[in-house]
Number of protein chains: 2
Amino acid sequence: MNPDHTIAPATSLDVARLAGVSKTAVSLVLNNRGTEHGIAPDTQSRIRVAADALGYTPNHAARSLRRQRTNIITFLTSDLGNRYFADVMAAAERTARARGYVVNVISARSADAEAEAFERLGGGISDGLMVHGGSVRTTAGIARLRRHGLACVLLQDAGAHTAIPCVRVDIAEGGRLATHHLISLGHRRVAHITDRRLSGQLTNDRLLGYRHALETAGIAFDPALVINAENSFEGGDAAMRLLMNTPHRPTAVFVFNDQMAIGGLHALAALKLRVPQDIAVIGFDGTEPGAFTTPELTTIDHPRADLGSWAATTVMDQLAGTKVETMRTLPVRLVVRASCAGPTQH
Amino acid sequence: MNPDHTIAPATSLDVARLAGVSKTAVSLVLNNRGTEHGIAPDTQSRIRVAADALGYTPNHAARSLRRQRTNIITFLTSDLGNRYFADVMAAAERTARARGYVVNVISARSADAEAEAFERLGGGISDGLMVHGGSVRTTAGIARLRRHGLACVLLQDAGAHTAIPCVRVDIAEGGRLATHHLISLGHRRVAHITDRRLSGQLTNDRLLGYRHALETAGIAFDPALVINAENSFEGGDAAMRLLMNTPHRPTAVFVFNDQMAIGGLHALAALKLRVPQDIAVIGFDGTEPGAFTTPELTTIDHPRADLGSWAATTVMDQLAGTKVETMRTLPVRLVVRASCAGPTQH
DNA sequence: GTGAAAGCGCTAACAT
DNA sequence: ATGTTAGCGCTTTCAC
């Protein structure tokens with residue numbers, strides 16, 4: 001098909017021949033176990049020189065097949081486009097690399113792609129799996145993979161799957177904090193824009209926190225103030241417009257995430273409503289873009305780096321046979337910027 | 001180490017035994033070559049049922065080792081955080097999936113990580129490679145990988161490596177268009193904020209286009225109006241502040257990409273300068289966030305989906321032994337939004 | 001039509 | 001201290 005000018009990569013046998021030793025010696029030395037097996041220093045260097053000269057890299061498939069380990073951890077996500085993901089992933093990657101693992105990212109936006117990814121994962125494509133924003137569907141697949149020895153961890157999963165190690169940030173507390181912040185500024189009509197994919201879920205922690213804050217403040221919950229929207233800039237924009245067309249319009253809005261909040265800010269600007277004078281907006285997650293909007297977005301910051309780092313560590317600990325925490329909840333933090341102020345008196 | 005309750009995944013031998021046939025039959029049938037080899041329909045279905053019952057998934061390492069093909073294409077990038085990447089990658093993934101390939105993303109932010117990634121790639125971890133935003137250093141590594149039969153393609157590479165297939169968008173024309181747009185609105189002092197990593201490169205196509213437009217309009221090039229900055233929100237912000245502190249301040253700024261332009265808008269808002277009345281800003285790349293800024297960002301839209309799709313196709317065509325184009329340049333498009341207007345008369 | 005056997009490149013027992 | 005050998009799980013000639 002494609003012989004071109006491609007040269008077959010050197011094998012350990014090639015190295016062995018060039019160095020005048022056996023494959024075993026090559027394997028031992030290149031895996032830094034030469035000394036331990038009493039291989040003479042000069043033999044060792046001869047092998048290394050030979051490997052270098054041939055540009056030898058151990059064949060991944062062969063090594064994985066033999067070791068039953070790939071040294072790869074997969075990060076599966078459905079939304080590569082959201083900056084939130086990139087932050088978590090970057091931290092996971094750094095932490096994994098420090099312990100000799102490589103992270104590869106698989107983006108499965110469609111259900112098909114997700115199913116296919118699980119299929120491949122079952123084939124031992126990697127040793128571990130971090131799943132961010134998995135669907136309900138996901139957990140069955142994960143259970144199967146775990147049974148086959150794959151080290152898994154769920155990030156920010158909505159359900160409570162006690163069996164599968166899970167890292168999350170304290171979303172409910174975040175929702176409470178956000179809403180409380182608005183209430184403490186004097187708002188009484190506080191709306192909430194949420195991800196419509198959560199409307200089917202049993203629990204929506206942001207909503208729980210929102211209601212809790214309302215209740216504590218003695219404000220009646222008004223379902224008309226909760227809008228389901230698509231999780232995107234556009235979705236946030238549309239939801240905000242809807243909300244502003246409400247007869248008795250809210251004076252403050254707590255939005256599902258920063259991305260949607262930025263969409264919301266856009267809608268408000270288009271409607272010639274001033275933020276924060278006419279309407280206060282608070283986002284959720286603390287990603288960088290929110291710090292560069294006009295006005296800057298007040299938000300609930302998530303420890304994204306800790307999230308990714310903890311996920312990677314948990315996977316690697318499982319692989320190492322260490323006992324791991326089943327569930328960890330990380331704290332959130334209110335970041336006050338310019339998009340919130342008290343309601344204007346009329 | 002970790003025996004736990006893990007069950008070894010079923011092998012093709014397990015399936016064969018359960019179905020009462022040989023491994024050969026299993027392999028043939030599950031690769032849809034059963035009929036072609038004259039395997040009885042009922043034997044085929046017996047095999048499929050057995051495979052299903054055992055939850056059989058072919059072992060990836062074993063299959064790759066045997067076939068000398070992984071069916072994986074790697075997408076290597078240094079900047080997972082920029083939305084631009086996600087768009088390109090999503091298109092590449094979709095295109096690859098349609099032809100039965102899986103895309104995995106490796107993020108190599110540090111030079112170390114990049115070197116390590118190349119190392120692993122040399123070990124046959126995947127069949128093909130798309131590199132986006134590669135450093136100069138990269139090309140040597142790629143040359144070696146190609147010699148070993150890896151199908152490679154460079155996306156948006158600055159250098160001219162005629163040997164390696166390369167897809168790019170017409171950056172120079174984009175720079176010209178952007179600058180021309182500002183000039184046509186009446187601006188004479190047009191600044192340019194660029195990525196400082198390009199200051200060492202031989203060619204900076206945006207700058208070329210910028211100078212070309214200036215020249216055509218009979219405007220002298222003023223090096224003081226070109227600022228090198230870090231490629232980030234923060235970098236764009238800082239560069240814009242610098243520019244606004246210039247004694248003879250520009251009336252319009254063409255920014256390296258949308259992300260940096262958004263940083264610039266933020267700086268201008270902080271400085272209480274109105275966009276576009278006091279200063280016009282044009283971005284570059286056309287990613288979604290720019291459509292949601294206040295004011296909305298005028299920009300040069302890149303065909304990101306085509307870029308990713310073409311990259312994937314080119315890799316797969318090489319793998320299939322098809323002759324491929326060595327270099328393709330895709331067109332850009334001016335998207336007029338609210339961040340540009342003519343200069344105010346004083 | 002189906003099965004037996006070889007071998008992909010590597011590592012790890014086991015010999016020497 | 002080094003080499004020989006078996007085998008990871010799969011695919012693919014080649015016999016039957």
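Chain A is the first sequence line, chain B the second, and so forth, proteins listed ahead of strands; every chain is numbered from 1. Since this is a predicted model, take the numbers as computed values, not measurements. Because only heavy atoms are used, hydrogens play no part in the values below, and waters and symmetry mates are left out as well, while side chains stay in.
Side chains of B:T35 and B:Q44: a donor-acceptor N/O pair is present below 3.5 angstrom, by distance only. Side-chain N/O atoms of A:N31 and A:R63 include a donor and acceptor closer than 3.5 Å.
Inter-axis angle, ends of the helix from C:dG1-D:dC16 to C:dT16-D:dA1, five pairs per end, rounded to 10 degrees: 50°.
Legend: residues meeting side chain to side chain contact (heavy atoms under 4.5 Å, CB included) with B:A25, ordered by chain and number and at least two apart, are B:V21, B:S22, B:I39, B:I47. Looking at residues two or more places apart in sequence or on another chain, you find no salt bridge (Lys or Arg N to Asp or Glu O under 4.0 Å) involving B:R17. For B:E119, the side chain to side chain contact (heavy atoms under 4.5 Å, CB included) test picks out A:T57, with sequence neighbours left out. Looking at residues two or more places apart in sequence or on another chain, you find a salt bridge (Lys or Arg N to Asp or Glu O under 4.0 Å) between A:R304 and A:D87, A:D301. Under the rule for a side chain to side chain contact (heavy atoms under 4.5 Å, CB included), the partners of A:S107 that lie at least two apart in sequence or sit in another chain are A:L80, A:R109, B:M89. Residues that satisfy the side chain to side chain contact (heavy atoms under 4.5 Å, CB included) test with A:D112, not counting sequence neighbours, are A:S110, B:R97.
Side-chain atoms of B:N71 come within 3.5 Å of backbone N or O of B:G100 as a donor-acceptor pair. B:S27 places no side-chain N or O within 3.5 Å of a backbone atom of B:K23 that could act as its donor or acceptor partner.
Protein chain B contacts DNA chain D from D:dG9 to D:dT12, reading 5' to 3' and using non-hydrogen atoms of the protein with a distance under 4.0 Å.
For residues 37-50 of chain A, proximity to DNA chain C is found at no residue, defined as any non-hydrogen atom under 4.0 angstrom from a strand atom.
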Would you list the protein and nucleotides 9-12 of chain C atom pairs, both N or O, that sit under 3.5 Å from each other?
residue	atom	partner	partner atom	Å
C:dG9	N2	A:A62	O	3.3
C:dC10	OP1	A:Y56	OH	2.7
C:dC10	OP1	A:N59	N	3.1
C:dC10	OP2	A:S12	N	2.4
C:dC10	OP2	A:S12	OG	3.1
C:dC10	N4	A:K23	NZ	2.8
C:dT11	OP1	A:N31	ND2	3.4
C:dT11	OP1	A:R63	NE	2.8
C:dT11	OP1	A:R63	NH2	3.0
C:dT11	OP2	A:S27	OG	3.1
C:dT11	O2	A:R66	NH1	2.5
C:dA12	N6	A:T24	OG1	3.1

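Note on residues 45-94 of chain A: pairs passing ring pair (Phe, Tyr, Trp, His ring centres under 6.0 Å), not counting sequence neighbours, are A:F75-A:F85, A:Y84-A:H132, A:Y84-A:H302. Counting only residues at least two apart or in different chains, ring pair (Phe, Tyr, Trp, His ring centres under 6.0 Å) contacts with residues 89-116 of chain A are absent.
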